[in-house]
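Comments concern the structure below.
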Amino acid sequence: MRDITLGQFIAGNSILHHCDPRTKIVIMIVYVAMIFLIKSIPVFLLPLAFLILSLLLSHIPVSYILRSLKPIRLLLIFMFVLNLFFTRGEKIIFDLGFWSLTWEAVMQSVFITIRIVLLVTGASMLTLTTSPIALTDGIERLLSPLKVFRFPSHELAMMMTIALRFIPTLIEESDKIMKAQMSRGADFESGNLLVRVKSMVPVLVPLFVSSFRKADELATAMESRCYHGGEGRTRLHSLQFTRLDLFAALLTAGFFAATLILYIVL
Amino acid sequence: MPITVNDLSYQYTDAAHSTTALSHVTFTIEEGSFFAIAGHTGSGKTTLVQHLNGLIPCTEGTITVDGHSLADKKERSIARALVGMVFQYPEYQLFAETVFDDIAFGPKNLKLPENDVKERVLKSMELVGLDPEQFREKSPFELSGGEKRRAALAGVLAMQPKYLVLDEPMAGLDPIGRQSILALLERLRSEFGTTIIMISHSMEDIARHATMLLVLDHGQIAYLDRPEIVFEHAEELFRLGLSVPQATYLGMLLKQKGFDVPKSANNAEALARWLKEKIDHA
Ligand SMILES: Nc1ncnc2c1ncn2[C@@H]1O[C@H](COP(=O)(O)OP(=O)(O)OP(=O)(O)O)[C@@H](O)[C@H]1O
Ligand SMILES: [Mg+2]
């Protein structure tokens, strides 16, 4: 459970760490749009180059990025095989009668796989270089124009911050409870699915109980420090755009324009 | 047969770095002893005791419990049945609908017949001082903090472990709660010959009850001896972020003032007797 990298942040001092979170979130959105615009495999070199460039700038070890793919490897294989089987096409590579492998199916499978890999690694680049606090701060500020429509952007951001903050605590807690029940002879590893699910009850009940207790305590602690929602709240570190953000935005715009041109031309 | 720990080292490795929690720890826990473990926070006490029943697998070094090596999977399950583990704040692991069912969880996992399970549960409730009539059908979540602690303790005792490991069992209890837990431990030791292994920050309790004291410092053994002998190194213990019992401290101060405190006056009673003699003479 400890290799969940999604939402993990590595403190650092790189250019990417110093970018404004709003910039990074918008770049992320543009990057996703870029990936969805692409129709032929060679064009993926553009977002790939973009990803590698940001990886180099971030000083994050490559092994980290690769680790973010570990939890989704089953999904990748599943998608690959699914597309191989169910994509119709003309150019037959070999024929089994009831099913034939076509050139289009292979291309489609490869295409989908590249797309998912690029999306996931890109998302982890964002979370690896942006602290959860900065991330939610950025989201809050980006959503704040919606406040006119009574959209609770501050509350939403606060909820996200707290949720992210509690992921490691919950992992630690469940680790501890599992150990405690194992000491009383609990066995989480053998038996069929039903047995295993049932064996989780002694872990889940205390975990829920402690989560509710923690939520309650946190609410009291926040209230006793006069937290009352977003209205009139000021910040210690207010977000500020710098030249760095301008540079990042221009670079991204360049990549996006190139993709767009290729989309229109091809 | 004892628990032997031989050249045990352990590192926590997570995403960014690795922390050395234990390095080259070697010691033996004799059967029937009251083995106390002390050390500053983060010195590796919890990591060490979680090795003793294989919750943390040995990566470097070896541990045997009554001759069963923890490296072997089959042997480990035998060893785990011998070593009961009471975690810090054990009340947070209660889960069942009734106190009875919660305490019965361990014995049921041992696949004991229904009657034996019941017998063990009632026996453990009696040991920890929870009246079965009053508590067995209650939900563990409606007990008081102290009662929850005792119910959780009973859950481990119902496994009838030969070695009982406790990670700061008295944290957050009032003086009476602390005394009743210590009394329980002494009773287990004398009545069933249970070996007690206890992490504690209370030097008073250690001085009063422990037969051996292991002091950890940054994952290494700083001292391993009878408590009264370890407490002779008061200065070093202070430096390690620990204290000594008040009687020992008083004796030390008197010595510094030039009084000739005998070595035998190393506990509260002996020191008081010696002081009284001194005063009567004067
Ligand atoms: N799950 C973990 N992941 C990474 N490092 C850990 C983990 N658990 C403990 N450590 C580190 O290992 C070292 C020893 O921790 P341990 O919990 O054994 O200390 P302790 O002596 O029990 O402390 P305390 O008195 O505060 O309970 C500490 O430096 C701690 O930061
Ligand atoms: Mg500890």
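For CD of A/Glu217, the number of neighbouring non-hydrogen atoms (other residues, nucleotides, ligands) closer than 6.0 Å is greater than 12. Environment of CZ in B/Phe35: crowded, with over 12 heavy atoms of neighbouring residues, nucleotides or ligands closer than 6.0 Å. Annotation for A/Phe78: atom CZ does not count as buried by contact number, only 12 or fewer foreign heavy atoms lying within 6.0 Å. Remark: A/Glu155 CD is packed, more than 12 non-hydrogen atoms of other residues, nucleotides or ligands lying under 6.0 Å away. Heavy-atom neighbours of A/Tyr227 OH from other residues, nucleotides or ligands within 6.0 Å: above the threshold of 12. For B/Glu114, the CD atom is loosely surrounded, since the number of other residues' heavy atoms within 6.0 Å does not exceed 12. For B/Glu31, the CD atom counts as densely surrounded, since its 6.0 Å shell holds more than 12 non-hydrogen atoms of other residues, nucleotides or ligands. Within 6.0 Å of NZ in B/Lys118 there are 12 or fewer heavy atoms belonging to other residues, nucleotides or ligands.
Between A/Lys176 atom NZ and B/Thr46 atom OG1 the span is 9.0 Å, to the nearest 0.5 Å. A/Gln181 contributes atom CD, which lies 5.0 Å from atom CZ of B/Phe105 (distance to the nearest 0.5 angstrom).
At a 4.5 Å heavy-atom cutoff, B/Leu110 makes no contact with chain A through either its backbone or its side chain. Proximity to chain A is limited to the side chain of B/Phe87, based on heavy atoms less than 4.5 angstrom apart.
Between chain A and the residues B/Met159, B/Met85, B/Gln93, the largest count of heavy-atom pairs under 4.5 Å involves B/Gln93. Ranked by heavy-atom pairs under 4.5 Å with chain B, the list A/Ser63, A/Ala11, A/Ala186, A/Pro61 is led by A/Ala186.
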ask   = Does the pair B/Phe141 and A/Val209 meet the rule for a side chain to side chain contact (heavy atoms under 4.5 Å, CB included), with working shown?
value = CA-CA 9 Å; B/Phe141 299 106; A/Val209 171; 3.6 Å; yes
key: Check against side chain to side chain contact (heavy atoms under 4.5 Å, CB included), B/Asp102 and A/Arg184   = CA-CA 10 Å; B/Asp102 205 289; A/Arg184 292 207 274 162; 3.0 Å; yes
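Residues B/Phe95 and A/Pro206 meet the side-chain proximity criterion, which asks for heavy atoms closer than 4.5 Å. Put simply, the side chain of A/Ser183 does not reach to within 4.5 Å of the side chain of B/Val156, judged on heavy atoms. By the 4.5 Å heavy-atom criterion applied to side chains, B/Ile56 and A/Lys179 are counted as neighbours.
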